[in-house]
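The structure appears right after this line, and notes come after that.
Letters A, B, ... are given to chains in the order of the sequence lines, protein chains preceding strands, and every chain is numbered from 1.
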Number of protein chains: 4
Amino acid sequence: MASVNKVILIGNLGKDPEVRHLEGGVAVARFPLATSETFKDKNGQRQEKTEWHNIVLWRGLAEVAEKYLRKGQSVFIEGKIRTSQYQDKEGNQRYSTEIVADQMTMLGSKGEGGSTSGNYQEQSASAGGYSGGGNTATAGKGASSAFQNDEPDDLPF
Amino acid sequence: MASVNKVILIGNLGKDPEVRHLEGGVAVARFPLATSETFKDKNGQRQEKTEWHNIVLWRGLAEVAEKYLRKGQSVFIEGKIRTSQYQDKEGNQRYSTEIVADQMTMLGSKGEGGSTSGNYQEQSASAGGYSGGGNTATAGKGASSAFQNDEPDDLPF
Amino acid sequence: MASVNKVILIGNLGKDPEVRHLEGGVAVARFPLATSETFKDKNGQRQEKTEWHNIVLWRGLAEVAEKYLRKGQSVFIEGKIRTSQYQDKEGNQRYSTEIVADQMTMLGSKGEGGSTSGNYQEQSASAGGYSGGGNTATAGKGASSAFQNDEPDDLPF
Amino acid sequence: MASVNKVILIGNLGKDPEVRHLEGGVAVARFPLATSETFKDKNGQRQEKTEWHNIVLWRGLAEVAEKYLRKGQSVFIEGKIRTSQYQDKEGNQRYSTEIVADQMTMLGSKGEGGSTSGNYQEQSASAGGYSGGGNTATAGKGASSAFQNDEPDDLPF
DNA sequence: TTTT
DNA sequence: TTTT
């Protein structure tokens, strides 16, 4: 054991979240998140390099994303790296890497400042359980609730 | 809002954990954790500077600490900074800064290698609730259980 | 060895940065940073608890703070915990805990949105050295430069 | 801007590092790192899921990896996510996600305890520059040196 | 007060 | 392909 798998990102949504409501009422949201870094190349020219991350949110976090997150907005994401294997059409083994969020904090977007900010935290509970309540911040907007995070292994997308 | 308060430490216990079992069966463990960094001073001499952190663990994490953590051992701690105010004997306002852990992973100690390693994660649940089960790692040693983390505000120490 | 001492904060400045320019041209900036979390108490009432962190920035980061950071603004800070000992007037041993930043990213403030954002990273170089340039992001505002971080041990404050 | 891309991993090497020494003396090391989490499935059975991460280290870190890291050992890695595009043999666009380390700390392996531990930190310097020295920990083993991290964009693997 |  |  002795394992840690932790990712911390601050970036901007490349698209509106794409949300699916699975059988059983479980919500899943996905969006691409851009982080960029600037650096000087060998000629001293400032360059920018953008990294795109596939963000996945489950349950309560997905619902918050559906309601409040839009393309261009800035968010803080804490989560873990997960690489899935799948077969492409030619039958080759492919890999897809995603960031499964367990915390999300809105940081506002242009023209909105900090006013849209809020903290949302994924919470764990016992098997099958909805743990209504908890110490999760909701920034005066209601919305955030606590769900477990044990998503099904094989999802239809 | 839009707040994040996160600490990540790997260090060694300066003492065995000091554990208290509060009324209601809630356990609290405390120990000092040393992190050290080496650097070269202006004379090119290697120097070491040690930082001491006051670690606080609640409930399930405290019980794991009581059972498995000992002076000298190496642990990974994830948590948050909390500074408490108190009055000293002369009535002056004092501050005490602690790291309240919400995840702890044993990294072994001298002569033990990785064999004592294990992951333990603090879990949140609804008010008053014990959330039996969960996705917490226990490294084949039993022990780790899931408790909520909403400790009482005023504690007798 | 085997040590990690890492802090990640997103919060708001409680005051404008207080900047000192030491002998040798080294700048040091300090400001209090608030992080807050909301939680429900036993009565189901939403409560907010604010944590104050003493942030310290050196050299390039201090100069960026002096130019761009103001009370109320939101920043991302990455750094380490450092607790200093000192004697109070009665000769008692006291402790003061600070966060020494090695990365700082502006996240904007009310009315400013993401437009004031920028990444600034503390960089290390060889002894005594100024390492002009580097791969630090500056959000099109210039300003960010790379300095070493080996501050003097005993500082006049 | 306002970007953060940070990964923190503790895991075990799946293989010995594969090291290449590029033209110009630059070293690059790669190895797979396993993180695993245990959880209880719907039947209450303990399950383990392993995640594999492709770790990339440059220059000084690569050299430390070459000398000291071996299959099975436990390491702490801090770095960033980088996804590269490439064309497979059929000409399809493919993506490969790696963790580019900027800090690495050995945590020992079975039978070795903490005795092989050490901290190694990637350092940045001015364009083209080697910054000999710095405040990097080397655990009494020599080895760690400070290099800049601006690797070439197109590498022959 | 730990560890290397 | 690691580790417990």
Side-chain angles (χ1 to χ4, degrees), chain A residues 1-5 83 85, chain B residues 9-18 30-39 46-55 68-75 77 105-120 137-144, chain C residues 1-5 83 85, chain D residues 9-18 30-39 46-55 68-75 77 105-120 137-144:
Chain A
M1 291 298 332
S3 262
V4 172
N5 174 357
T83 300
Q85 297 184 33
Chain B
L9 300 173
I10 293 178
N12 298 87
L13 280 79
K15 297 182 183 173
D16 285 357
E18 196 173 287
R30 289 165 184 273
F31 57 81
L33 188 78
T35 58
S36 49
E37 54 177 333
T38 53
F39 60 96
R46 189 172 303 284
Q47 299 285 348
E48 179 169 317
K49 193 173 174 197
T50 296
E51 198 66 41
W52 286 98
H53 311 272
N54 300 311
I55 308 296
Y68 300 113
L69 288 188
R70 292 296 173 266
K71 175 176 172 175
Q73 281 179 333
S74 175
V75 289
I77 294 282
T105 296
M106 299 170 65
L107 299 174
S109 62
K110 22 170 199 173
E112 297 183 87
S115 64
T116 56
S117 297
N119 284 331
Y120 306 94
T138 50
K141 303 202 179 58
S144 172
Chain C
M1 289 298 335
S3 262
V4 173
N5 174 358
T83 300
Q85 297 184 34
Chain D
L9 301 172
I10 293 179
N12 299 87
L13 280 80
K15 297 182 183 173
D16 286 356
E18 196 173 290
R30 290 165 184 272
F31 56 81
L33 188 78
T35 59
S36 49
E37 56 178 331
T38 53
F39 60 96
R46 191 172 302 284
Q47 299 285 349
E48 179 169 318
K49 193 174 176 196
T50 296
E51 198 66 40
W52 287 98
H53 310 272
N54 300 311
I55 309 296
Y68 300 113
L69 289 187
R70 292 296 171 268
K71 175 177 172 175
Q73 282 179 331
S74 176
V75 289
I77 293 282
T105 297
M106 299 169 64
L107 300 172
S109 62
K110 21 168 200 174
E112 299 183 86
S115 63
T116 56
S117 296
N119 282 332
Y120 307 94
T138 51
K141 305 202 177 59
S144 173

field: Spacing of L33(B) atom CG relative to dT4(E) atom C1', expressed in whole Å
entry: 15 Å

- prompt: CD1 of I77(D) versus P of dT3(F): gap in Å, rounded?
  reply: 17 Å

- request: Measure from CG on D16(D) to P on dT1(F) and round the result to the nearest Å.
  value: 14 Å

field: Atom-pair distance (NZ on K49(D); C1' on dT2(F)), nearest Å
entry: 17 Å

- line: Of the candidates dT1(F), dT3(F), dT4(E), the side chain of E48(D) sits closest to dT3(F)

- prompt: Quick one: the side chain of S74(B) and the base of dT3(E), do they pair up donor-acceptor inside 3.5 Å?
  reply: no

field: Test log, rule side chain to side chain contact (heavy atoms under 4.5 Å, CB included), inputs M106(D) and Y120(D)
entry: CA-CA 8 Å; M106(D) 299 169 64; Y120(D) 307 94; 3.9 Å; yes

- prompt: Of all residues at least two apart in sequence or in a different chain, which pass the side-chain contact (heavy atoms from CB on, under 4.5 Å) check with Q47(B)?
  reply: F39(B), D41(B), Q45(B)

Gap between atoms CG and C1', on N54(D) and dT2(F) respectively (whole Å): 14 Å

query: When the distance from OH of Y68(B) to P of dT4(F) is rounded to whole Å, what number comes out?
result: 16 Å

query: How long is the line joining CG of N12(D) and C1' of dT1(F), in whole Å?
result: 11 Å

- line: The nucleotide from dT3(E), dT1(E), dT2(F) with an atom nearest the side chain of K71(B) is dT1(E)

- prompt: Which residues pass the side-chain contact (heavy atoms from CB on, under 4.5 Å) test with N5(C), sequence neighbours left out?
  reply: L9(B), T35(B), E51(B), H53(B), K80(C), I81(C)

- prompt: Could you walk me through whether T105(D) and S3(C) pass the side chain to side chain contact (heavy atoms under 4.5 Å, CB included) check?
  reply: CA-CA 7 Å; T105(D) 297; S3(C) 262; over 6 Å; no

- prompt: How would you label the contact of T50(B) with the nucleic acid (heavy atoms, under 4.0 Å): base, sugar-phosphate, or nothing?
  reply: base

query: Between M106(B) (CE) and dT4(F) (P), how many Å, whole number?
result: 13 Å

